[in-house]
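Quick note: numbers below take in every heavy atom, side chains included, and nothing from hydrogens, waters or symmetry partners. Throughout, protein chains are lettered first and strands after them, A, B, ... in sequence-line order, and every chain is numbered starting at 1.
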Amino acid sequence: MLVKNQILVTMRDHFKIVEVKTLKKFLLFLIPLLTLVLFILIMNSGSLLKKPLGEDDRLYETIQQIEADVKEKNWDKANNKINYAETAWKKIVRRIQFSVEKEYIFQINETLSRIKGGIKVKDDKAIIEEIYYFYELWDKLAK
Amino acid sequence: MFDEALVVFVRVIISFFTLLIFTRILGKQEVGQLTFFDYVNGITIGSIAASLATDLSSKAWAHWVGLAGFALFTFLLQFITVKNRYIGRVLDGEPTVVIEDGKILEKNLVKMRIKISELTMLLRDRGVFDITQVDLAIFEINGKLSVLQKSDYLPVTPKDLNIPVSPSGLSTEVIQDGIVIDQNLLQRKKDRNWLLQQLRSKGIDDVQQVFYALILPNDKLYIDVYEDHVSKKSDIGDYEGPF
């Protein structure tokens, strides 16, 4: 009986060692693989993360509304919306900065500032030009 | 808002660990810089990794694809050169004999584009100052020179003189930083009792006092304790401190 128990204990220990070794081997393969997958996801997350995730980051939609407001000369509405757009953009930048080119971020910053300036002086021609430039930048962002 | 330092930091993490994983997959060949191509390839991979970390004017993904591409092709080439001897020879080149029986083979020197001054330098580097002593000198694909001296000039070995020697082999670490490595003890068919006995015979009561201990090939134990008791320390400094 005692011998039988000892054999059982030895076998259990043996299987435990084999199990630990297999687990280690598996982790040695899995950890680098998961790391690479995570990196690839981070580097390609821009096209997904530029889309709105809540109520206060609807940038593209807002610019479209500004375009309509400017065409109808609703300057007060356009002014409110450009302020919202700037805050929304800041929020978006925080999450897309790891996967897009620095230049695109700066260019969109500049365009938003120009649109804001245009609304202040009520220069609808300049605003529409900038808005269409923004559409182009937005389309190319994270692609 | 856009935080340049944070972005660089995240990209450094991506670049660093990707490079670590890739070089680990590519193996030791890359570290040893086996051929000139491996050497240049290694530099290129390093350069792409650096751009990945700090060049924010383009997407991290573009650099990463470049890095992965270089690693992939290096891996494929390694695989092909191992599997196919002919392609291996074409890609890596062949070792070239440059001195045979004390005579310099000028044609091969020209083929390898090595100057005679470079050859003599490489010979001196290998400890050969007299070209007539050389039986064979081969220029290897990693840019090193292998030299076989004529038998008359080779050093005498214990075998030549029929001197009995103790067997050579590997030493096994059994204590490191006061911690006993049981796995290695078992490898040399010893146990803790034997180890403690050996330590006691040298006047050491506690394993914690030992910094490093080895079982030598002749089964003797080499012990280095933390307290060195060196009476006279050699000073190789040439400037009075403090630094």
Distance-only check: which donor-acceptor pairs of chain A and chain B lie under 3.5 Å?
residue	atom	partner	partner atom	Å
A/Gln97	OE1	B/Asp3	N	2.8
A/Lys102	N	B/Leu56	O	3.0
A/Lys102	NZ	B/Glu4	OE2	3.0
A/Lys143	O	B/Lys59	NZ	2.3

Counting only heavy atoms not in B/Leu76 (residues, nucleotides, ligands), do more than 12 fall under 6.0 Å from its CG? yes
Checking side-chain contact (heavy atoms from CB on, under 4.5 Å) for the pair A/Leu36/B/Phe22: CA distance, chi angles, key distance, verdict? CA-CA 10 Å; A/Leu36 290 183; B/Phe22 283 173; 4.1 Å; yes
Side chains of B/Leu6 and A/Phe98: does their closest heavy-atom pair fall under 4.5 Å? yes
Examine whether an atom of A/Leu38 lies under 4.5 Å from a heavy atom of chain B, and if so say whether it belongs to the side chain, the backbone or both; otherwise answer neither. neither
Only pairs at least two apart or in different chains count here, so list each ring-ring contact (aromatic ring centres under 6.0 Å, His included) that has a residue in residues 105-124 of chain A. A/Phe106-B/Phe2
If one checks every heavy atom of B/Val10 against chain A at 4.5 Å, the contacting part turns out to be side chain
Given heavy-atom pairs under 4.5 angstrom as the criterion, report whether the side chain, backbone, both or neither of B/Ile14 touches chain A. both
